[in-house]
Amino acid sequence: MTDSPRVRIAPSPTGPLHIGTARTALFNYLFARHTGGTFVLRLEDTDQARSSIAYEKDILDGLHWLGLTWDEGPEVAGEGARGPHGPYRQMERLPLYAAAADRLLAADMAYRCYCTAEELDADRKAQEAAKLPPRYVGRCAALTADERAAREAEGRRAAVRFRVGDGLVAFDDIVRGHVEFDAANLGGDFVIVRGDGSPLYHFTVVVDDAAMQISHVIRGEDHLSNTPKHILLFRALGYPEPRFAHLPLILNADRTKMSKRKSQTAIADYIAEGFIREALVNYLALLGWATGTEEEVLSIDEIVERFDLDSVHKGGAVFDRERLEWLNGQWIRRLAPDDLIERLRPFIEAEHVAGRIDWIPSDDELRAILPVVRERLPTLGSIGDLAGFLWVRSVAVDTAVLVPKRWDPATTRDGLTAARSTIAAVGEVAFEADELEPPLRALAEARGWKAGDLFMAIRVAVTGRTATPPLFDTIVALGRERTLERLDRATEALASG
RNA sequence: GCCCCCAUCGUCUAGAGGCCUAGGACGCCACCCUUUCAAGGUGGAGAUCAGGGGUUCGAAUCCCCUUGGGGGCACCA
């Protein structure tokens, strides 16, 4: 019988959750859920200088937010993990790496290296000058016991290097097919344990993937060239090799690997802008994978159902924010009203904190305008721009935009005054869009105005903007008194200006 | 420099030898709807399938070469 798949996402808490990490996590999640496998989260925090609890929190929070639940691993930053293969933070697994390194040392598959940073640096510069590929020269590969003792006596600390050996290393990558490397091109014996005793990535990843019984290593293509090193380590340690699947990279607009410098890479920044999880997941799934049908707007469950590693692409995919925004709009329109309101809350509160609105609307107020704002929201964060005028005491009206192109100031003043009377004539109880439109249209017709011009003058007067939700719904949301007051203010501004 | 990977509209992609005079989506343009802005609808521009050789009756699809792009070569992950 074949065991069910075990996959993992192994982020390093050395920076905020990156789009690329989220995508890799998503594909692991999709594969695990589609196959009924197990999804593990492991924190690779061996770079103590760069790791921090704040980043760990950002990463865990981000993955939770995306809805990528894992079966084993830490749930909350800084707290314990669950699962039978713990601990799941590498700094808590140090004894395992030490034992594995000792085994390799004892079998002479690894050796102590006493080279100093200066020596290594000089080697590297010489190789560079000679236009040779960088590679460890093997200075410590065959030290005698006496030579070692001499270096120890000097107080030099030893790193541990793995003997790469020679021969071909081949494997069948699920997305790339047969790939092979000549061990001679791996850059020589590489360090697996630092001079201070802390283990390095290539080593820990193998020890842990073996210990956690990972069956499929699904990761970014940037790891493809590292894979032979890992395979050699699996073999040296006597562990079975997992299957590998290297995903295409997510690219900047210039087709280089997506980077913070050239693109917005932090998931937290997308969340802060008001992208919703459904859209982000949907979008990310479609970068490097497609259903093979014309379906594009898919929920995570629908994606799980259709997902297949074999149909993942080989070529990198440029991150296209416009397409993400389109999908975000699609998903915002699909949310249930109360769900949308709940998700809008933090953004409205942020507007309030920033002083851009004077008060926070109630659920009922929000629910009332939802039908006319939802299709105008590319992101949740655009709620302020779109409807903020509803929640301020007064709006700033620029008299230059208040006067419609075909009108002059006098006509505008006349129009606003007449509109005020017309709107005032609509009683408080009948204050609905259907009651407002007919008399205002009649007014325009009676005075020989184009309805659009009248409406635009009113729109700017009551909202301060030229692009708004439908005018009559807007006026109703604003309420009779506030509408009349804003019309008065605008008329005054026109008179004095 | 060395090794490895990749290559269909601007972008994401469909396409696994004949169904392709290459389909869809985003974006763009036009029109319709319309009080603005959106959303929606319809239509359009946009790819000699990187180029060149093969294989085949037939190639975007298979093979080779070239070109281009990317990734990796740390006591980072």
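Hydrogens, waters and symmetry mates play no part in the numbers below; they use all other heavy atoms, side chains included. A note on names: the letters A, B, ... follow the listed sequences, proteins ahead of strands, and every chain is numbered from 1.
- Contacts of R161(A) with the nucleic acid, taken as non-hydrogen atoms under 4.0 Å apart, involve only primed sugar atoms and P, OP1 or OP2.
- Between C9(B) and A14(B), the two C1' atoms lie 13 Å apart (nearest whole Å).
- For E296(A), whose side chain is taken as the heavy atoms from C-beta onward, the closest listed nucleotide among G1(B), G24(B), A77(B) is G24(B).
- Using a 4.0 Å heavy-atom cutoff across all strands shown, G195(A) reaches at least one base atom of the nucleic acid.
- Among the heavy atoms of the strands, none lies under 4.0 Å from T291(A).
- Summarising the base pairing, U42(B) is matched to A30(B) through a Watson-Crick or G-U wobble pair whose two defining distances lie under 3.5 Å.
- For S12(A), whose side chain is taken as the heavy atoms from C-beta onward, the closest listed nucleotide among G1(B), A77(B), C75(B) is A77(B).
- By the neighbour-count criterion of 12 heavy atoms within 6.0 Å, atom CG of D310(A) is densely surrounded, having more than that number from other residues, nucleotides or ligands.
- Nucleotides C28(B) and G69(B) place their P atoms 29 Å apart, quoted to the nearest Å.
- Of the two residues near RNA chain B, R333(A) and H202(A), the one whose nearest nucleotide lies more 5' is R333(A).
- Taking atom P in both U11(B) and A74(B), the straight-line distance is 33 Å, to the nearest Å.
- With no hydrogens or angles considered, no side-chain donor-acceptor pair links T463(A) and R459(A) at under 3.5 Å.
- By the 6.0 Å contact criterion, CZ on R277(A) is enclosed, its count of non-hydrogen atoms from other residues, nucleotides or ligands being greater than 12.
- Within a 6.0 Å sphere centred on CD of E152(A), heavy atoms belonging to other residues, nucleotides or ligands number more than 12.
- Judged by Watson-Crick or G-U wobble contacts below 3.5 Å, the nucleotide G68(B) has C6(B) as its partner.
- Both distances falling under 3.5 Å, in either a Watson-Crick or a G-U wobble arrangement, place G1(B) opposite C73(B).
- Residue E180(A) is classed as a sugar-phosphate contact, given heavy-atom separations below 4.0 Å to backbone atoms only.
- Between G10(B) and C3(B), the distance separating the two C1' atoms is 32 Å to the nearest Å.
- Among the heavy atoms of the strands lying under 4.0 Å from T256(A) are primed sugar atoms or P, OP1, OP2 only; no base atom is included.
- A donor-acceptor contact under 3.5 angstrom links the side-chain atoms of R376(A) to the base of C37(B).
- Across the protein-nucleic acid pair, Q330(A) atom CD and C12(B) atom P stand 20 Å apart, rounded to whole Å.
- Across all strands shown, C49(B) forms no Watson-Crick or G-U wobble pair with both key distances under 3.5 Å.
- H246(A) comes within 4.0 angstrom of nothing in the nucleic acid, heavy atoms only.
- If you check every strand for non-hydrogen atoms under 4.0 Å, F319(A) touches nothing.
- Among the heavy atoms of the strands lying under 4.0 Å from L120(A) is at least one base atom, whether or not backbone atoms are also near.
- When the nearest nucleotides of RNA chain B are assigned to T466(A) and R194(A) by heavy-atom distance, the more 5′-ward of the two goes with T466(A).
- More than 12 non-hydrogen atoms from other residues, nucleotides or ligands lie less than 6.0 angstrom from CD of Q264(A).
- Using a 4.0 Å heavy-atom cutoff across all strands shown, R124(A) reaches sugar-phosphate atoms only and no base atom.
- Counting any heavy atom pair closer than 4.0 Å across all strands shown, P469(A) reaches a base atom.
- One cannot find a donor-acceptor pair under 3.5 Å joining the base of A77(B) and the side-chain atoms of R50(A).
- If you take atom C1' in C49(B) and the same atom in G68(B), they sit 16 Å apart, rounded to whole Å.
- Nucleotide C20(B) forms a pair with no other nucleotide shown, judged by Watson-Crick or G-U wobble geometry with both contacts under 3.5 Å.
- Nucleotides C29(B) and U67(B), compared at atom P, are 40 Å apart to the nearest Å.
- Between the side chains of T21(A) and R219(A), not a single donor N or O lies within less than 3.5 Å of an accepting N or O.
- No hydrogens or angles were tested; on distance alone, a donor-acceptor pair under 3.5 Å links the side chain of R459(A) to the base of U35(B).
- A gap of 15 Å separates the C1' atoms of A77(B) and G71(B), to the nearest Å.
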